[in-house]
Amino acid sequence: MTENERILNAEAPALSKAARVKYFNIVIESGKGATVTDADGKTYIDLLASASATNTGHSHPHVVKAVQDQAAKLLQYTPAYFANDPAAKLAPRLAALAPISGPTALGWGNSGSDANDAIIKFARAYTGRPYIVSFTGAYHGSTYGSLSLSSVSLNMSRKIGPLLPDIIKVPYPDPWKRLSGEPEAAFVNRMFDAFKLPFETYLPAEEVAAILIEPIQGDGGIVKAPAAFMHQVYDFAKANGILFAVDEVNQGMGRTGKWWSIQHFDLEPDLMSVGKSLASGLPLSAVIGRREIMNSLDSPANAYTTAGNPVTAAAAMATIDVIEDEHLLARSIRLGKKAAAFFEDEKQKFSFIGDVRMYGLDGGIDIVDPVTGKPDSEATAKLVYRVFELGAIMIFLKTNVLRFQPPLVITDEQLQAAFKILDQAFSELAADKLSLPSNVDEIGW
Ligand SMILES: Cc1ncc(COP(=O)(O)O)c(C=O)c1O
């Protein structure tokens, strides 16, 4: 029995099935930069970055040192009662990074999920309105509030309702909804009509507190909303006193080549959620908003025992240092261009590669049936499994979207090595040499 198997077998009886999306049966033992090593000593190039939670790479020395120094000083005292120095320094630094002009304030959380719950709380409190509008295909988290906002996986809501009331879902303008030959402007108009339909039929706009959107959907397939659509939604919100809120948990912290994905649209949110890579993957999140909104709730409406923990805050300070000092935004853009060129080339070679979307080092690559153009989930499972065997970690989103989100510190050499692995897997699929993993029925969302 391998060491991976031994550890997984020991864990299996005690771990709820609900706690993990299965892909590969390995145990991650260590990580460095853009590689991780499993319990049997095999090293992989990480094209997932812990679900975009380690943009600064695994165990970055500057982040590790900050964590070690802070842990030796004070591991935890609840920020719900007393301030700590790292979080007190981080709050203004992070608030200043937010793409919101004018005074901002923030509240801490432990996960992206609770940061999105906080958006619901603050939006309702500030506006005195009940409804929140979110989008199909969105993933906002797994707490009751954030999963009520989400619609990306049936298993996330199956058997656990009733969910939070007064959440309305409107269609996200993803490329799969575009009719063949439909020009962008016509597509945007059609999607905006679908967006407005609830408001014209049963949802009084003056009762809506916030519209929450991922400007680039992550788990929905790495999909950027058309700019014209975003502007129409934003203008609609502003015209109706509705707060415009964005979820930056997956796409923020430099992932797309900007600090925040909303900066691709030249729009300012009223509220935003941040998590994942904020503290290089340690449990820290934040809801950030215009100060008057963030002061609309009284203590202790959004306090948690461990949110704003000194060690996680020190990790976040160091994470921001690394993103700035190592110019990771520029790096995401530069390497993202290489990745886009690679996947576009492969698309010319292999007819099963459909749409390629790349925003910095942030990619979604559709795998389709060459004849029908429809999603090919079997080919996708074969591919990610072969890529794994060849030494890179990559998963799929939906049923057929390759998720390409390496740590932003990935080296040029590692990126080339990853391209070589991907090219080999694509070639083998084209030659019909790949088989399905034996656990195909249980992998994926
Ligand atoms: C866009 C987005 N929002 C929120 C979340 C939830 O974050 P967490 O898993 O830290 O609660 C995720 C997680 O994948 C996400 O991708």
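One-based numbering, in listed order, for ligands and for the atoms of each. What you see below is based on every heavy atom in this structure, not just the backbone, and it leaves out hydrogens, waters and symmetry mates.
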Start with the C-alpha distance between S280 and T54, add both sets of side-chain angles, then the distance that settles side-chain hydrogen bond (donor to acceptor under 3.5 Å, both in side chains), and finish with yes or no. CA-CA 5 Å; S280 286; T54 54; over 6 Å; no
Residue of the set I26, L47, V387 for which side-chain contact (heavy atoms from CB on, under 4.5 Å) holds with I393: I26
Could you tell me if N116 and S273 have a donor-acceptor pair between their side chains, going purely by distance under 3.5 Å? yes
Looking only at non-hydrogen atoms, the one of S113, G109, S52 nearest atom 9 (O) of ligand 1 is S113
Give the numbers and elements of all ligand 1 atoms closer than 4.0 Å to a heavy atom of N116. 3 (N), 4 (C)
Would you kindly specify which portion of D114 sits under 4.0 Å from ligand 1, judged on non-hydrogen atoms: side chain, backbone, both or neither? neither
Determine whether the aromatic ring centres of F236 and F195 lie less than 6.0 Å apart. yes
Partner of T256 under side chain to side chain donor-acceptor pair (under 3.5 Å), chosen from Q263, E248, H264: H264
For ligand 1, is any non-hydrogen atom under 4.0 Å from E214's backbone (N, CA, C, O), its side chain (CB onward), both, or neither? side chain
Verify whether the ring centers belonging to F396 and Y23 lie closer than 6.0 Å. yes
If you measure every N/O of G112 against every N/O of ligand 1, is any gap under 3.5 Å? yes
Between ligand 1 and Y139, is the shortest N or O to N or O distance under 3.5 Å? yes
Just checking, K224 and F265: is the charged tip under 6.0 Å from the six-membered ring centre and within 45° of the axis? yes
Please could you name the atoms of ligand 1 that D219 approaches to less than 4.0 Å, counting only its heavy atoms? 14 (O), 16 (O)
Protein residue, atom and distance nearest to atom 5 (C) of ligand 1, heavy-atom basis: V249 CG1, 3.7 Å
With a cut-off of 4.0 Å, which atoms of ligand 1 are near a heavy atom of H140? 3 (N), 4 (C), 5 (C), 6 (C)
G141: numbered ligand 1 atoms lying under 4.0 Å from its heavy atoms: 6 (C)
Side-chain donor or acceptor of R129 paired with backbone N/O of E207 under 3.5 Å: no
A student checking ligand 1 against K276 at a 4.0 Å heavy-atom cut-off should list atoms 12 (C), 13 (C), 14 (O), 15 (C), 16 (O)
Could you check atom 3 (N) of ligand 1 against the protein and tell me its nearest heavy-atom contact, residue, atom and distance included? D247 OD2, 2.7 Å
